Amino acid sequence: MSAPSAYKSFNDCAPASRKPATRAKRPAPFSIRLTTEERALLKRKAGNRSLGAYIRSKLLDEKDTRPRRPSKAPAIDYVALGQVLGMLGKSELATNLCLLAVAAEAGNFAASEAERAMLRAACEDVQDMRIQLVKALGLKPGAAS
């Protein structure tokens, strides 16, 4: 049985060839290596602008009058971070946790192996928090206590 003449062959239904979409040629990126402290300083100076836009405006002496998009990253409150780091140091939380872990390891009070492992993990977590706070503030690891 033949197909009615109203139907086209499969090849006739293929879409017409389209021209490939032309993309605007973007300039090659420019890379620069910064220390952690330098990058933190630039981020603070950039405010709510992207780091790239801030650096470009400084390098090219442009007065950035374009409307600024709000940054996707949350604003960093360096004062609050500094206060948290200070409270962490004043509370002696890390020291007290370490003393508890040492006492538990020495058998000075009854603690299961799981509880001793949790104390060691808590000590490491507090130390990690301190390190992350120091990094977020752009300080050197030995600078804050």
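In this text the structure is predicted, and so the values were computed from the model without any measurement.
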Ignoring hydrogens, what is the shortest heavy-atom contact between Phe109 and Ala103? Give both atom names and the distance.
CE2-CB, 3.8 Å

Provide the closest heavy-atom pair for Arg49 versus Ser57 in the form atom of the first, atom of the second, distance.
NH1-OG, 3.4 Å

Give a yes or no on whether [X] and [Y] share a hydrophobic cluster (residues Ile, Leu, Val, Met, Phe, Trp, Tyr; joining criterion: side-chain heavy atoms under 4.5 Å apart).
X	Y	answer
Leu133	Val79	no
Leu137	Met87	yes
Val126	Met118	no

How long is the straight-line distance from [atom2] of [Y] back to [atom1] of [X], given to the nearest 0.5 Å?
X	Y	atom1	atom2	value
Cys123	Asn96	SG	CG	10.0 Å
Lys135	Gln132	NZ	CD	5.0 Å
Arg120	Asp125	CZ	CG	13.0 Å
Ile131	Leu85	CD1	CG	11.0 Å
Leu99	Asn108	CG	CG	11.0 Å
Ile32	Leu42	CD1	CG	8.0 Å

Under 4.0 Å between a Lys/Arg side-chain N and an Asp/Glu carboxylate O for Glu38 and Arg44?
no

What's the verdict on side-chain contact (heavy atoms from CB on, under 4.5 Å) for Leu51 and Arg39, showing C-alpha distance, side-chain angles and the deciding distance?
CA-CA 9 Å; Leu51 192 54; Arg39 188 177 181 99; 3.9 Å; yes

side-chain contact (heavy atoms from CB on, under 4.5 Å) for Lys45 and Leu41? Distances and angles first, verdict last.
CA-CA 6 Å; Lys45 287 184 175 185; Leu41 174 67; 4.0 Å; yes

